[in-house]
Number of protein chains: 2
Amino acid sequence: MEGWPKQQSGRMRGRRVSAAKRLAMLEAARREFSVSGYLNANMDAVAASASVSKRTLYNHFPSKEVLFRAIIVRVAEEISRVATLRYRNDAPLREQLEQYAIQSIRLMRDARYLQLFRTVLAEHVRNPALVEPALATYWKAEYGFADWVRAAVADRRLFVRDAVRAGHIFGSLMRGAIIWPSILGRSSFKSDRLNAPINEAIDMFLAYYSVPERAKPQRNRARPAS
Amino acid sequence: MEGWPKQQSGRMRGRRVSAAKRLAMLEAARREFSVSGYLNANMDAVAASASVSKRTLYNHFPSKEVLFRAIIVRVAEEISRVATLRYRNDAPLREQLEQYAIQSIRLMRDARYLQLFRTVLAEHVRNPALVEPALATYWKAEYGFADWVRAAVADRRLFVRDAVRAGHIFGSLMRGAIIWPSILGRSSFKSDRLNAPINEAIDMFLAYYSVPERAKPQRNRARPAS
DNA sequence: TAATTATTGCACTTTCGAGTGCAGTTTCAG
DNA sequence: CTGAAACTGCACTCGAAAGTGCAATAATTA
């Protein structure tokens with residue numbers, strides 16, 4: 001609850017305007033952070049873009065840091081609502097993974113998010129503490145993959161030793177094919193549809209884990225018998 | 001050749017000192033950029049740390065940008081010398097991939113590099129133009145994977161439709177298991193040895209591509225017959 | 001209407017760091 | 001030894017942006 005005016009306590013009066021302006025400020029900040037990054041974002045510009053005095057901005061958010069964190073939390077929530085992998089026993093596994101990939105692509109095609117991701121990533125690398133909350137959500141998604149795998153294993157549709165590990169691998173494949181290329185600007189998706197590289201990654205993943213352990217063609221296994 | 005003193009032309013005199021100091025400045029800048037990131041790096045600090053006057057620093061490198069680029073180029077060269085995947089027909093494929101993974105891990109365990117990677121990544125996201133040269137090398141490595149795959153295919157040890165695509169997938173797996181976790185600070189390697197997740201990723205990769213196309217267990221193939 | 005709280009405008013302080021100008025000193029090749 | 005080129009020290013300019021103080025004003029609700 002940081003970043004709320006101190007006057008909040010006691011009877012609340014004159015709060016209608018406040019709520020609307022607060023939203024405007026959050027939206028404006030989001031735009032500003034998106035296009036400028038964290039360090040170059042300008043608090044005067046945020047205030048102006050929200051049609052609010054700078055002083056008001058500082059009444060709501062005591063510092064740039066607090067404002068940034070507020071943005072991050074909001075966006076992280078939005079995303080986790082959209083891009084999740086949920087297990088369904090009534091649909092082909094491939095379809096479920098494809099669905100997830102499509103959702104991710106859609107997210108990356110939305111400049112509104114993409115730019116903000118870049119900002120957050122840059123800041124996370126520069127100053128991890130600043131960005132904690134966003135990343136918490138992010139890693140949760142990773143363990144969402146593990147849950148999905150576990151469910152599929154329980155259904156005897158996959159054969160996996162370590163669900164978390166398999167989840168990481170799926171995550172690597174999706175990030176490598178969708179997220180990083182978008183963020184690092186190597187490629188942009190023309191549509192929401194899957195392309196051949198992504199299909200191939202999903203193929204590989206399913207092929208490997210659709211086969212019982214001892215049938216997998218591996219050499220040189222050096223791992224605890226777990 | 002940017003960032004060299006203008007006085008260079010004509011007969012060269014008094015250059016012995018110059019070369020040594022130049023090196024000292026590069027080393028100092030590297031340290032400074034590593035620990036502080038690009039924006040927070042302080043040119044006064046660089047000069048001090050190189051035991052050189054600020055004016056001399058600016059005589060060699062007309063701006064912070066130029067200095068940063070110079071560092072990037074040097075480091076990119078060092079890295080591409082160390083972490084490459086070279087095809088050998090006299091060794092198991094698995095061993096070759098493992099070698100590469102081990103080299104990558106070694107790189108990530110070297111704080112000297114790791115910190116600089118973080119800085120470069122942050123800047124690339126913030127300001128891609130600044131970092132071009134480093135990334136050029138980076139993507140070259142990616143196509144190095146494709147070359148390796150092609151060679152293995154020519155040797156009939158792998159069965160791959162599109163070598164570049166397979167190379168990307170291998171890259172995704174390695175980055176997902178080694179590079180990103182290190183850079184984003186989720187895990188650090190205790191030793192240079194491979195761990196189970198990396199082994200499993202390599203297993204998966206080899207398993208999938210060791211089998212002729214039509215034998216692969218895939219559903220729902222939707223791709224050009226290429 | 002009266003009391004309360006939010007909002008505004010604007011000038012102000014502070015901090016910080018990149019890059020410059022210049023006069024004097026050092027170094028080294030020839 | 002000599003003179004060109006490289007180096008030094010230091011004060012300086014310039015700009016930018018975060019955050020503050022305050023007195024005046026507007027909006028809200030009882």
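Heavy-atom basis, side chains included; hydrogens, waters and symmetry copies ignored. Each chain gets a letter, A, B and so on, in the order the sequences are listed, and its residues count up from 1.
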Contact under 4.0 Å: B:His60 side-chain N or O vs D:dC7 OP1/OP2:
yes
Listed by chain and number, what are the side-chain hydrogen bond (donor to acceptor under 3.5 Å, both in side chains) partners of B:Ser53, not counting sequence neighbours?
B:Thr56
Pairs flagged by salt bridge (charged side-chain N to carboxylate O under 4.0 Å, His left out) wherever residues 111-120 of chain A is involved - sequence neighbours left out:
A:Glu27-A:Arg112
Which residues share a side-chain hydrogen bond (donor to acceptor under 3.5 Å, both in side chains) with A:Lys54, sequence neighbours left out:
A:Asp44
Sequence neighbours excluded, which residues qualify as side-chain hydrogen bond (donor to acceptor under 3.5 Å, both in side chains) partners of B:Tyr38?
none
I need the NZ-C1' distance between B:Lys21 and D:dG9, as an integer number of Å.
13 Å
Return the value, rounded to whole Å, for the distance between atom CG of A:Asn59 and atom C1' of C:dT5.
11 Å
Salt bridge between B:Arg74 and B:Glu77, side-chain N to carboxylate O under 4.0 Å?
no
Under 4.0 Å protein heavy-atom contact, by nucleotide of nucleotides 15-22 of chain C - B base, S sugar-phosphate only:
--SBBBBB
Tell me: CD of A:Glu32 to P of D:dA18, nearest whole Å?
9 Å
Residue-phosphate contact under 4.0 Å: A:Ser53 side-chain N/O, C:dT8 OP1/OP2:
yes
Can you give the donor-acceptor pairs under 3.5 Å from side chains of residues 143-150 of chain B to other protein atoms, not counting sequence neighbours?
{"unit_1": "B:Asp147", "atom_1": "OD1", "unit_2": "B:Arg150", "atom_2": "NH2", "d": "3.1"}
{"unit_1": "B:Trp148", "atom_1": "NE1", "unit_2": "B:Gln96", "atom_2": "OE1", "d": "3.0"}

Rounding to a whole Å, what distance do you find between A:Phe61:CZ and C:dT7:P?
11 Å
